[in-house]
Number of protein chains: 2
Amino acid sequence: MQNIVAETLKRSQLSVTDSRKKILEYFHHSKGALAHADIERLSGEQFDRVTIYRTLQTFVEKGIIHSIPTSDNSIRYALCKDDCAEGHHHDNHIHFVCDVCGTTFCLDHVTIPNVQLPAGFKSKQTDVIVSGICGKCGNI
Amino acid sequence: MQNIVAETLKRSQLSVTDSRKKILEYFHHSKGALAHADIERLSGEQFDRVTIYRTLQTFVEKGIIHSIPTSDNSIRYALCKDDCAEGHHHDNHIHFVCDVCGTTFCLDHVTIPNVQLPAGFKSKQTDVIVSGICGKCGNI
DNA sequence: TTTTATTTTGCAACTTTGTTGCAAAGTGCT
DNA sequence: AGCACTTTGCAACAAAGTTGCAAAATAAAA
Ligand SMILES: [Mn+2]
Ligand SMILES: [Mn+2]
Ligand SMILES: [Zn+2]
Ligand SMILES: [Zn+2]
């Protein structure tokens, strides 16, 4: 795990620092997406709030994580797949937010539906956020 | 216009006040969705910031406007259709954000695609936000 | 390994955004 | 007009995010 994390950073031409390693590990260990507040909670007093902001921003720019829009106006982040690179994301998947446990999942194997836009409108990106009950919470 | 605005408020059992009338008019006059900041700008020093927050919240609760999640983490609001009521929204339409002019449109006549979720997942709501170039900005 | 150059971090100070309690003003009703 | 009730504006606060800069850490060079 230490290895894959350090290698990801190097591949993105980022210096390998404690905060970056730790924050990236949080993403690898987490089932769902993480918000700034989650990381702050997970890391305790270990890093400054500002460092977390800057690290997340850097990771997004480098194509290591992507941000997920949610209806409650709190940005969450999740790991990108390998085909994302600096300044160029290819995260063509939908997101599912569980109303019960609050987890945000990236559903990589669900194809994004093709929406029919009015004449003259050109689509560049389609974000789909489905909310409901996830697999675990439904089986309780 | 004054009439339709006042009647909407009365139908929702809201007292008709200057701020509510004015803010509701902004929505009727606007092509796209409005954020809190837009209304603050439009109204100048006319109302307190807090009043705008509370008015938007009340309008959402009463089913007069609905909120639209955006990827830049700024909530925008747009008028609901007639079938929304207190505590119960029926805004089954997709949203389009123009990358050029920034306008957020409600596309009422585009049907929401049915996404195929993994086994065990149950969908309650589907938000679709398409971004790209709108009709006007494409024809320049 | 030590030195040097570059990058990153933490701190402080600040801005922006959103919330809450409460008295004053406004609205609806008789 | 008078009264009950709701809404507004203000102030004070809390939370979220940004910026500049010196100190610390990392990477590259010697
Ligand atoms: Mn994702
Ligand atoms: Mn809409
Ligand atoms: Zn769940
Ligand atoms: Zn446009």
Side-chain angles (χ1 to χ4, degrees), chain A residues 2-3 5-26 33-62 64-65 67-77 86 102 104, chain B residues 2-3 5-26 33-62 64-65 67-77 86-87 102:
Chain A
Q2 286 279 38
N3 265 345
V5 156
E7 271 172 36
T8 304
L9 294 173
K10 280 179 193 152
R11 199 182 329 127
S12 300
Q13 293 161 311
L14 292 173
S15 26
V16 180
T17 66
D18 286 349
S19 29
R20 286 176 180 165
K21 276 190 287 183
K22 205 83 192 183
I23 292 176
L24 193 46
E25 273 179 36
Y26 291 144
L34 297 174
H36 179 277
D38 296 320
I39 295 168
E40 213 170 337
R41 191 168 19 75
L42 285 167
S43 62
E45 302 282 291
Q46 205 168 356
F47 318 113
D48 195 82
R49 239 162 35 86
V50 179
T51 302
I52 300 177
Y53 280 117
R54 292 197 266 225
T55 303
L56 290 173
Q57 195 182 305
T58 304
F59 284 2
V60 170
E61 284 164 6
K62 291 292 187 175
I64 298 172
I65 60 176
S67 68
I68 305 168
T70 50
S71 36
D72 68 327
N73 204 28
S74 75
I75 308 183
R76 283 171 222 186
Y77 303 87
E86 176 151 10
T104 300
Chain B
Q2 285 279 35
N3 264 345
V5 157
E7 272 173 34
T8 303
L9 294 173
K10 281 178 193 152
R11 199 183 329 128
S12 300
Q13 294 160 310
L14 291 173
S15 25
V16 180
T17 66
D18 287 349
S19 28
R20 287 177 180 164
K21 276 191 288 183
K22 206 82 193 181
I23 292 177
L24 193 44
E25 272 178 37
Y26 292 144
L34 297 173
H36 178 278
D38 295 319
I39 295 168
E40 214 170 335
R41 192 168 19 75
L42 284 168
S43 60
E45 302 282 291
Q46 204 167 358
F47 318 113
D48 195 83
R49 240 162 34 85
V50 178
T51 301
I52 300 176
Y53 280 117
R54 292 198 267 226
T55 303
L56 290 173
Q57 196 183 304
T58 304
F59 284 1
V60 170
E61 284 165 5
K62 292 290 186 176
I64 298 172
I65 60 176
S67 68
I68 305 167
T70 51
S71 37
D72 68 328
N73 204 27
S74 76
I75 308 185
R76 282 171 222 186
Y77 302 89
E86 175 150 11

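Every chain is numbered from 1 and lettered A, B, ... according to where its sequence line falls, protein lines coming before strand lines.
- Remark on the helix from C:dT1-D:dA30 to C:dT30-D:dA1: inter-end axis angle 30°, axes from five-pair C1' superpositions, rounded to 10°.
- The distance from atom CD1 of B:Ile52 to atom CZ of B:Arg54, rounded to the nearest 0.5 Å, is 11.5 Å.
- Phosphate contact (OP1/OP2 of D:dT8, side-chain N/O of B:Thr17, threshold under 4.0 Å): present.
- Among the nucleotides D:dC10, D:dT8, D:dG20, the one closest to the side chain of B:Asp48 is D:dC10.
- Atoms CD (A:Glu61) and C1' (C:dT8) sit 14 Å apart, rounded to a whole Å.
- Counting to the nearest Å, the P atom of D:dA23 and the CZ atom of A:Phe47 are 23 Å from each other.
- What separates CG of A:Leu56 from C1' of C:dT8 is a distance of 15 Å, to the nearest Å.
- Shown here for A:Lys62 and A:Leu14, the closest heavy-atom pair between the two residues is CE-CD2, 3.8 Å.
- Proximity of A:Thr51 to the phosphate of C:dG10: a side-chain N or O atom is located under 4.0 Å from OP1 or OP2.
- Rounded to whole Å, the distance from CD on A:Gln13 to P on C:dT6 is 16 Å.
- Nearest heavy-atom pair, B:Gln46 versus B:Tyr26, reported as atom, atom and distance to 0.1 Å: OE1-OH, 3.9 Å.
- Heavy-atom distances to DNA chain D give each of B:Asp18 and A:Asp18 a nearest nucleotide, and the one nearer the 5′ end belongs to B:Asp18.
- The two residues A:Arg49 and A:His36 make their nearest non-hydrogen contact at O-NE2, 3.5 Å.
- In terms of heavy-atom proximity, B:Pro69 sits nearest to A:Thr70 at CB-O, 3.7 Å.
- B:Arg20 comes within 4.0 angstrom of the backbone, heavy atoms only, and of no base.
- The distance from atom NZ of B:Lys10 to atom P of D:dT6 is 18 Å, rounded to the nearest whole Å.
- Annotation: of the two residues near DNA chain C, B:Ser15 and B:Arg49, the 5′-most nearest-nucleotide partner is B:Arg49.
- Put simply, CG on B:Leu56 and CD on B:Glu61 are 11.0 Å apart, with the number rounded to the nearest 0.5 Å.
- Residues A:Val50 and A:Ala37 both approach DNA chain D. Their nearest nucleotides, taken by heavy-atom distance, put A:Ala37 toward the 5′ side.
- Rounded to a whole Å, the CD1 atom of A:Ile52 is 9 Å from the P atom of C:dG10.
- In this structure, B:Tyr53 places its OH atom 16 Å from C1' of D:dA12, rounding to the nearest Å.
- Looking at heavy-atom distances under 4.0 Å, A:Gln46 makes contact with sugar-phosphate atoms alone, never a base.
- For a distance-only test at 3.5 Å, the side chain of B:Arg54 qualifies as a donor-acceptor partner of the base of D:dG9.
- The OH atom of B:Tyr53 sits 10.5 Å away from atom CG of B:Asp48, with the distance rounded to the nearest 0.5 Å.
- In this structure, the NZ atom of A:Lys21 is 16 Å from the C1' atom of C:dT7, given to the nearest Å.
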